[in-house]
Participant: 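Have a look at this one.
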Amino acid sequence: GQPLEEVTADTEVPIDPLVGTVIDGRYLIESVLGEGGMGVVYLATHTALNKRFAVKVLRGEIARDEEIMRRFVREAQSSTAIGHANIVDISDFGKLPDGTAYFVMEHLDGKPLTERIRRGAMGLDDVIHVTRQITAALGAAHGRGIVHRDLKPDNIFLIRRGGDDRFVKILDFGIAKVGGANAKLTRTGMIFGTPHYMSPEQAAGQSVDSRTDIYALGVIVFEMLTGQVPFDGDTFMGILGKHMFDPPPKPSEVIGHELGDIEPVVLKALAKKPEDRYAAMDEVAG
């Protein structure tokens, strides 16, 4: 075969400097699991427990802003304090030698809802099963005054738990709020990805409450039912404008057959004005 040098010279995959290192004397960083607007997620093994975890390390400018860090830790603590089976569990916090913050959460052996939706519209039973779990988790969070603010299929994992391979775990509570904490970081809103799940009041830059999560859930259920989002466009601002001004299409018209009781629920969740939506998550599940 070829000498190793030649092979590596061709491929040039940059190796993440944290991979192969041990954080805080106990988390061996094995590989990169994914990257998002707020940071990089690694697969790690706790060297004493020999147990796998996911470690999220915050990005540069965010990670070194003390005020944002404090808020971030507070949000993470409050979301894990909800103690709900459908919310990802955060077990540890710390800082790297350069001061960058990280936190440790349960390792989810599963796939984001995004990947399931990519395969096309989901069956009604699956949609209802997943939706019930999301509403239960968010109902518990809202009961403690915690709004997710960045609910989207990327933040909803489907894992196997017992005999259920569609068990929901919700990630990244309160992160949008932390990202918007500071004028320097107003552009972070753009990195959070996606305008497709933003409520009209978020799109207009107004303050948000739990009804913003209800709107985002409406978008997600629409997408599970049809395989597509209700509002799309070529530009960030174009999509936001549709959230603010265009009535949503009916899911049944998109897929060409009746959906029964779930359709009016979706359309009510997608009402432009917060007061026209459901007031609470348990009303959606009913």
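Here, residue 1 is the first one in the sequence, and each next residue gets the next number. The figures here come from the full heavy-atom set of this structure, side chains too, leaving out hydrogens, waters and symmetry mates. In this text the structure is predicted, and so the values were computed from the model without any measurement.
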Participant: Between Glu201 and Arg149, does any NZ, NE, NH1 or NH2 come within less than 4.0 Å of an OD or OE carboxylate oxygen?
Facilitator: no
Participant: Checking Arg161 side chain against Phe167 main chain: does a donor-acceptor pair fall under 3.5 Å?
Facilitator: no
Participant: Do the side chains of Asp126 and Arg166 get close enough for a salt bridge, i.e. N-O under 4.0 angstrom?
Facilitator: yes
Participant: Can you tell me how far the CG atom of Leu124 sits from the OG1 atom of Thr131, to the nearest 0.5 Å?
Facilitator: 9.0 Å
Participant: Please lay out, stage by stage, how Asp209 and His142 fare under the test side chain to side chain donor-acceptor pair (under 3.5 Å).
Facilitator: CA-CA 9 Å; Asp209 60 23; His142 293 165; over 6 Å; no
Participant: Do the side chains of Asp109 and Arg52 get close enough for a salt bridge, i.e. N-O under 4.0 angstrom?
Facilitator: no
Participant: Would Tyr42 and Val57 count as a side-chain contact (heavy atoms from CB on, under 4.5 Å) here? Give the steps.
Facilitator: CA-CA 8 Å; Tyr42 300 91; Val57 176; 3.7 Å; yes
Participant: Taking atom CG as the centre, does Asn50 end up with more than 12 heavy-atom neighbours from other residues, nucleotides or ligands that are less than 6.0 angstrom away?
Facilitator: no
Participant: What distance do Glu253 atom CD and Glu258 atom CD have between them, rounded to the nearest 0.5 Å?
Facilitator: 9.0 Å
Participant: Check the side chains of His148 and Asp172 for a donor-acceptor pair under 3.5 angstrom, ignoring hydrogens and angles.
Facilitator: no
Participant: With a 3.5 Å cut-off and no angle check, do the side chains of Gln202 and Tyr215 form a donor-acceptor pair?
Facilitator: no
Participant: Scan side-chain atoms only and decide if Tyr102 and Asp24 contain a donor-acceptor pair under the 3.5 Å cut-off.
Facilitator: yes
Participant: Using 4.0 Å as the upper bound for N to carboxylate O, is an ion pair formed by Lys152 and Asp150?
Facilitator: yes
Participant: Could you measure the distance from the CZ atom of Arg116 to the CD atom of Glu223? Nearest 0.5 Å is fine.
Facilitator: 11.5 Å
Participant: Does Lys169 pair with Glu106 as a salt bridge, N-O distance under 4.0 Å?
Facilitator: yes
Participant: Checking the side chain of Arg277 only, and the main-chain atoms of Ala271 only, is there a donor and an acceptor separated by less than 3.5 Å?
Facilitator: yes
Participant: On the 0 to 90° scale, with breaks at 30° and 60°, tag the Phe231-His243 ring pair as parallel, tilted or perpendicular.
Facilitator: perpendicular
Participant: If every non-hydrogen atom of Ala54 is compared with every non-hydrogen atom of Val41, which pair is closest and at what distance?
Facilitator: CB-CG1, 4.0 Å
Participant: Between the side chain of Thr45 and the main-chain N/O of Thr47, is any donor-acceptor distance below 3.5 Å?
Facilitator: no
Participant: Please round to the nearest 0.5 Å and tell me the distance separating atom CD1 of Ile255 and atom NZ of Lys250.
Facilitator: 13.0 Å
Participant: Can you name the one residue among Leu225, Asn155, Leu151 that meets side chain to side chain contact (heavy atoms under 4.5 Å, CB included) with Ile220?
Facilitator: Leu151
Participant: Drop me the distance from Ser91's OG to His46's NE2, to the nearest 0.5 angstrom.
Facilitator: 8.0 Å
Participant: How long is the span from the CD atom in Glu35 to the NZ atom in Lys56, to the nearest 0.5 Å?
Facilitator: 11.0 Å
Participant: Answer yes or no for Lys272 and Phe245: cation-pi contact, defined as NZ/CZ to six-membered ring centre under 6.0 Å and angle to ring axis within 45°.
Facilitator: no
